[in-house]
Amino acid sequence: MIYSIVPCDQLINYPQDSNQERIEVDINGENVVLLKGENNTYTIERLISTNPRAYLNPELMPGTMIMTIISKKDSPCVKWEIINNGLELMRE
Amino acid sequence: MNQKILFAKQTENQTGNSNNAGQTSTEKMDNIKEMGTVEVQEKGRSIHCLTIIGQIEGHMVLPPQNKTTKYEHVLPQLVAIEDDKKIDGLLLILNTVGGDVEAGLAIAEMISSMSKPTVSLVLGGGHSIGVPMAVSTNYSFIAPSATMTIHPLRLSGMIIGVPQTFEYFDRMQERVVEFVAKNSKISKDNFRKLMLKTGELANDVGTVLFGQEAVEHGIIDEVGGLASALKKLDSLIEQIKKDKDGGQEK
């Protein structure tokens with residue numbers, strides 16, 4: 001049951017084409033929502049944490065690009081590398 | 001759906017020796033050096049901040065154009081805050097348009113039953129189910145420009161027009177009224193009056209309360225901003241520490 005000032009039909013109706021893939025992952029113990037982009041890259045869309053200091057961490061700031069490297073060895077794990085904030089590239 | 005995804009550095013560390021106790025302290029050091037995430041702050045106390053934004057999502061996942069607060073995120077976070085000895089208090093920041101009654105009440109009940117000091121701050125809007133959430137803390141603040149819309153639970157979609165339907169909505173509404181009356185200075189009758197007031201909203205019954213008005217009606221404790229909310233939280237934390245120390249001396 002919805003108790004909101006937004007009308008119900010506005011909540012449920014939305015244009016189908018704007019449905020981008022989002023995933024929720026754990027980066028260094030903080031919950032982050034990623035928006036899938038092109039070429040296996042993801043952009044941090046939202047940080048979900050109650051720790052106010054986590055929001056000061058530039059690596060977790062919304063807009064940060066993340067590249068995924070899928071490792072066959074540790075399958076099904078996906079390894080992460082944050083591109084534009086100076087973390088070193090992790091190689092096998 | 002539930003992909004197991006790990007951060008690169010952690011994956012690398014864990015290969016070969018997964019049960020190494022010494023590794024955790026190294027990781028902690030890494031966290032301090034690289035992430036700047038240190039729990040203990042300069043003031044000698046550590047607070048966590050929970051933001052309630054957009055729609056409160058219930059058992060149905062809302063389409064992605066809605067900004068949502070999900071209870072599956074919030075409830076475990078509240079448990080962790082209550083359980084973690086390093087965290088002294090919680091600041092609740094609200095800017096919400098309302099949402100699912102049960103999810104909202106669940107979060108509000110969790111906060112109201114916490115033993116740690118809690119302070120809320122309503123910014124922008126704390127509408128509908130945002131009202132019980134705002135009053136669930138030990139002390140509440142509202143920004144002068146913020147508003148709270150208080151209106152009855154609405155019928156939407158296909159409804160069978162029988163007296164039971166009305167009664168069901170009335171009982172659901174009563175849960176909200178009771179929670180607000182229990183956790184703030186407004187009486188049940190006055191809150192119901194605000195809900196059913198005519199001439200305030202363009203196409204509905206109900207009331208829009210501005211910052212000062214919400215305080216005058218006894219829903220919110222004080223008009224203020226971030227500094228006053230943090231100051232209040234500090235004083236509540238200080239009070240608890242004093243009580244604890246006093247108890248130990250005796």
Side-chain angles (χ1 to χ4, degrees), chain A residues 1-16 18-35 45-46 48-60 66-69 71 73-74 76-82 86-92, chain B residues 3-12 15 31 34-39 41 46-51 55-56 58 60 62-67 70 73-74 77-78 80-81 87 90-91 96-102 104 125 127-130 149 151 153-154 156-157 169 172-173 176 204 206:
Chain A
M1 185 175 285
I2 303 289
Y3 182 36
S4 170
I5 53 166
V6 179
C8 255
D9 53 336
Q10 241 181 63
L11 282 179
I12 294 155
N13 296 334
Y14 71 106
Q16 292 287 332
S18 68
N19 196 4
Q20 265 182 297
E21 194 188 328
R22 283 174 175 81
I23 50 164
E24 224 181 282
V25 295
D26 188 290
I27 297 181
N28 279 0
E30 299 296 353
N31 212 357
V32 171
V33 178
L34 301 176
L35 194 64
E45 190 184 49
R46 181 174 167 191
I48 302 165
S49 172
T50 55
N51 187 354
R53 299 236 155 175
Y55 291 85
L56 298 178
N57 182 358
E59 284 159 5
L60 299 177
I66 289 182
M67 190 171 81
T68 52
I69 308 158
S71 154
K73 209 168 104 188
D74 299 329
C77 288
V78 178
K79 292 191 173 184
W80 295 106
E81 185 223 346
I82 292 171
L87 262 198
E88 273 180 41
L89 185 70
M90 308 303 292
R91 289 179 203 279
E92 286 294 305
Chain B
Q3 278 176 293
K4 176 80 180 159
I5 298 170
L6 297 170
F7 187 53
K9 285 209 164 173
Q10 289 173 345
T11 323
E12 195 119 303
T15 44
N31 256 3
E34 289 172 19
M35 306 300 163
T37 50
V38 196
E39 279 296 328
Q41 297 182 357
S46 159
I47 59 149
H48 269 217
C49 162
L50 180 64
T51 44
Q55 280 280 339
I56 314 300
M60 240 172 67
L62 290 172
Q65 95 276 12
N66 296 295
K67 278 200 176 184
K70 297 172 198 286
H73 292 148
V74 173
Q77 282 173 336
L78 289 172
I81 292 168
I87 302 168
L90 171 70
L91 178 67
T96 175
V97 289
D100 187 82
V101 172
E102 307 226 319
H127 310 289
S128 316
I129 199 70
T149 310
H151 61 93
L153 258 83
R154 270 192 223 101
S156 58
F169 270 80
M172 287 296 275
Q173 190 170 289
V176 175
D204 201 356

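Residue numbers start from 1 in every chain, and the chains themselves are labelled A, B, ... in the order their sequence lines are given, proteins ahead of strands. Quantities reported herein were computed from a predicted structural model and do not represent experimental measurements.
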Looking at residues at least two apart in the chain, or sitting in another chain, which of them share a ring pair (Phe, Tyr, Trp, His ring centres under 6.0 Å) with B/H73?
none

Rounded distance (nearest 0.5 Å) linking atom CD1 of A/I2 with atom CD1 of B/I56:
10.0 Å

CG on B/L153 to CE on A/M1, rounded to 0.5 Å:
6.0 Å

Looking only at B/G98, B/G206, B/G125, the option with the highest number of non-hydrogen pairs under 4.5 Å against chain A is B/G98

Keeping A/Y3 on the side-chain end and B/G104 on the backbone end, is there a donor-acceptor pair under 3.5 Å?
no

Considering only heavy atoms, which portion of B/Q55 lies under 4.5 Å from any heavy atom of chain A: side chain, backbone, both, or neither?
side chain

Mind listing the closest non-hydrogen atom pair of A/P52 and B/C49 along with its distance?
CD-N, 4.0 Å

Could you work out, with salt bridge (Lys or Arg N to Asp or Glu O under 4.0 Å) as the rule, every residue matching B/K70, not counting sequence neighbours?
B/E57

Search all heavy atoms of B/G99 against all heavy atoms of A/S4 and return the closest pair with its distance.
N-CB, 3.6 Å

Spatial distance of atom CD1 (B/I81) from atom OG1 (A/T50) [nearest 0.5 Å]:
3.5 Å

If I take atom CD1 from residue A/I48 and atom CG from residue B/L50, how far apart are they, to the nearest 0.5 angstrom?
11.0 Å

Below 4.5 Å from any heavy atom of chain A, which atoms of B/V176 appear? Answer side chain, backbone, both or neither.
side chain

Which atoms of B/N66 approach chain A - backbone, side chain, both or neither, heavy atom under 4.5 Å:
side chain

To the nearest 0.5 Å, how far apart are CZ in A/R53 and CD1 in B/I47?
10.0 Å

